[in-house]
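Here is the structure we will look at, set down as structure tokens.
Read the numbers this way: they start at 1 and go in the same order the structure lists the ligands and their atoms.
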Amino acid sequence: MANIVIEGGYKLSGKINISGAKNSAVALIPAAILCDEKVTISNVPNISDKYALDDILKYLGAKINDNGESITIDPTEIVNKEIPESISKKLRASYYFMSSLLGKYKKVSMYFPGGCAIGARPIDQTIKGFEALGAKIIKEGSKYTIYADKLTGGNVYLDMPSVGATINTILVAVRAEGKTIIENAAKEPEIVNVATFLNNMGAKITGAGTSEIKIEGVDKLHSCFIEVIPDRIETGTYMIASALIGEKVRIENVIPEHVEALTLKLKEAGVEIETGEDYIIVSSTNKMKAINIKTMGFPGFPTDLQQPMSTFLTQCDGISTIHETIYENRFKNLDYLKLMGSNIKTEKDKAYIEGKIKLKGTFVEATDLRAGACLIIAGLIAEGKTVITNIEHILRGYSNIIEKLQNIGAKIKIE
Ligand code: EPU
């Protein structure tokens, strides 16, 4: 299996272009099958999660025209059949097919989804949404058969603002009869992107991006076009790398408001950041001070940037704290940062990171996607060579990451 090899200590400078958001694209692709006609999605990132979803589409009989940047999906000849576990377990987002197939055909049969091993990640809130709209659930082991004679709008209160449960409930509600209200909905920009896509098809969704979303069901959905929004987590990952070892790195094609929490935390630590309409320029400084991070749903500090940020904190003066409130097991990367020389203590959902300790390159493992991002950044600043194994996790979610980093001066390759 291939590894990522990084020679640390090379300054980053120049321009980096941000791709479409993974967590939007992986919901937009399954949402496409709700439509009665062809749809086109542009600015699709080049990530392996996309290809895993394409496999499910092809398995169901959808026609796909993928030119690398945009993808046209024709769902008119789909056959609603059971999706095998071998393909649904490849990624978390496979469960968006649960809701789009249920919404369109009123029946679906598939297995518990996959995804990074960062916590238990139950799907009870999604199931609650389905039930509120009139669906019945039969669970046999990890297999779910979900069906309804008729789907009717209903009111759903989510126990936590779950991104997946919010999107899944929207996907079922758009073709249900009557009005659905989701209370305590997640507010992430990716949800707005999905709602815009569905509204472009003729759905009637209001309130996406707030904690109360209303959906008026419609009978038909027509051909449309949507552009995937820029990836705010990819943006943040390159901002963090640049804050550590960048000289005026210009990160382009971004929506600065989507990374406001990170921008303000980096500035609080002393990093110089210039923000334009669709770009952000970041330079490193040697005078960063310790800060505290607490992960929250949008617009709070995103859990998906918590692991990349841990590398940054190893270089801040003093002891920084991370409080991870979303996932129970998202600190696996810290063992490898310790192996690289940092001094970190963890206590349940908190990590205490002592700063200003020089990291040294060694063999490390990308245990999950954002752990991989953490270790790439660590490799960029470390003394000597870092070898990262299990890189398929990284390639699941970062579009052309090797080329992008090489273009701004990093010594990084796949070997
Ligand atoms: N939760 C439940 N029950 C549910 C749903 C969620 O207990 O029915 C819990 C989860 O266990 C977790 C928390 O609620 O502790 C938040 O989960 P959420 O449903 O919001 O997450 P998700 O939809 O599974 C998406 C992203 C994640 C990102 C989270 C939070 C996709 C495919 N995944 O996951 O992305 O961390 O939202 O923003 O969109 C990543 O990109 O690295 C990644 C893990």
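- For atom 14 (O) of ligand 1, the nearest protein heavy atom (residue, atom name, distance) is M160 CG, 3.5 Å.
- Ranked by closest heavy atom to atom 11 (O) of ligand 1, the top entry among S94, G119, P122 is P122.
- Counting heavy atoms closer than 4.0 Å to ligand 1, residue Q125 contributes atoms from both its backbone and its side chain.
- In the candidate list R370, H393, E188, R330, R330 is nearest to atom 44 (C) of ligand 1, counting heavy atoms.
- Every atom of ligand 1 is numbered from 1 in the order shown, and the set under 4.0 Å from a heavy atom of T303 is 36 (O).
- In summary, R250 and E252 engage in a salt bridge, as defined by a charged side-chain N under 4.0 Å from a carboxylate O.
- By the criterion of a heavy-atom distance under 4.0 Å, the backbone of I123, and not its side chain, is placed next to ligand 1.
- At least one side-chain heavy atom of L244 sits under 4.5 Å from a side-chain heavy atom of M288.
- Atom 19 (O) of ligand 1 has its nearest heavy-atom neighbour, among C116, A120, S162, in S162.
- With a 4.0 Å cut-off on non-hydrogen atoms, E190 does not touch ligand 1 at all.
- With hydrogens and angles ignored, the 3.5 Å screen pairs a side-chain donor or acceptor of T311 with a backbone N or O of C374.
- Counting only N and O atoms by type, the side chains of Y95 and T126 include no donor and acceptor under 3.5 Å apart.
- Of the heavy atoms in V163, both backbone and side-chain atoms come closer than 4.0 Å to ligand 1.
- Judged by the 6.0 Å and 45° rule, K348 forms no cation-pi pair with F331.
- Among all non-hydrogen protein atoms, the one lying nearest atom 23 (O) of ligand 1 is G164 N, 2.8 Å.
- Atom 22 (P) of ligand 1 has as its closest protein heavy atom R121 NH2, 3.9 Å.
- Protein heavy atom at the shortest distance from atom 3 (N) of ligand 1 is D124 OD1, 2.8 Å.
- Looking only at heavy atoms of the protein, atom 24 (O) of ligand 1 is closest to R92 NE, 3.0 Å.
- Between E190 and R232 there is a salt bridge, since a side-chain N of the basic residue sits under 4.0 Å from a carboxylate O of the acidic one.
- Remark: minimum distance from atom 26 (C) of ligand 1 to any protein heavy atom is reached at N23 ND2, 3.5 Å.
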Evaluation steps, salt bridge (charged side-chain N to carboxylate O under 4.0 Å, His left out), between D368 and R396: CA-CA 10 Å; D368 55 80; R396 277 189 43 216; over 6 Å; no
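- Using a 3.5 Å distance cut-off with no hydrogens or angles, the side chains of N400 and S19 do not pair a donor with an acceptor.
- Geometrically, ligand 1 and L369 share no nitrogen or oxygen pair separated by less than 3.5 Å.
- No more than 12 heavy-atom neighbours from other residues, nucleotides or ligands sit within 6.0 angstrom of NZ on K136.
- Using a cut-off of 4.0 Å between Lys/Arg side-chain N and Asp/Glu carboxylate O, E212 and K214 are scored as salt-bridged.
- Looking at I118 against ligand 1, only its side chain comes within 4.0 Å, counting heavy atoms.
- Among protein heavy atoms, atom 13 (C) of ligand 1 sits closest to I326 CG2, 3.8 Å.
- From the protein, the heavy atom lying nearest to atom 17 (O) of ligand 1 is Y327 OH, 4.3 Å.
- Here the side chain of K90 pairs no donor or acceptor atom with the backbone of D49 at under 3.5 angstrom.
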Verdict with reasoning, I87 to Y59, per side chain to side chain contact (heavy atoms under 4.5 Å, CB included): CA-CA 10 Å; I87 41 181; Y59 171 81; 4.2 Å; yes
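- Contact annotation: for D304 versus ligand 1, heavy atoms closer than 4.0 Å belong to the side chain alone.
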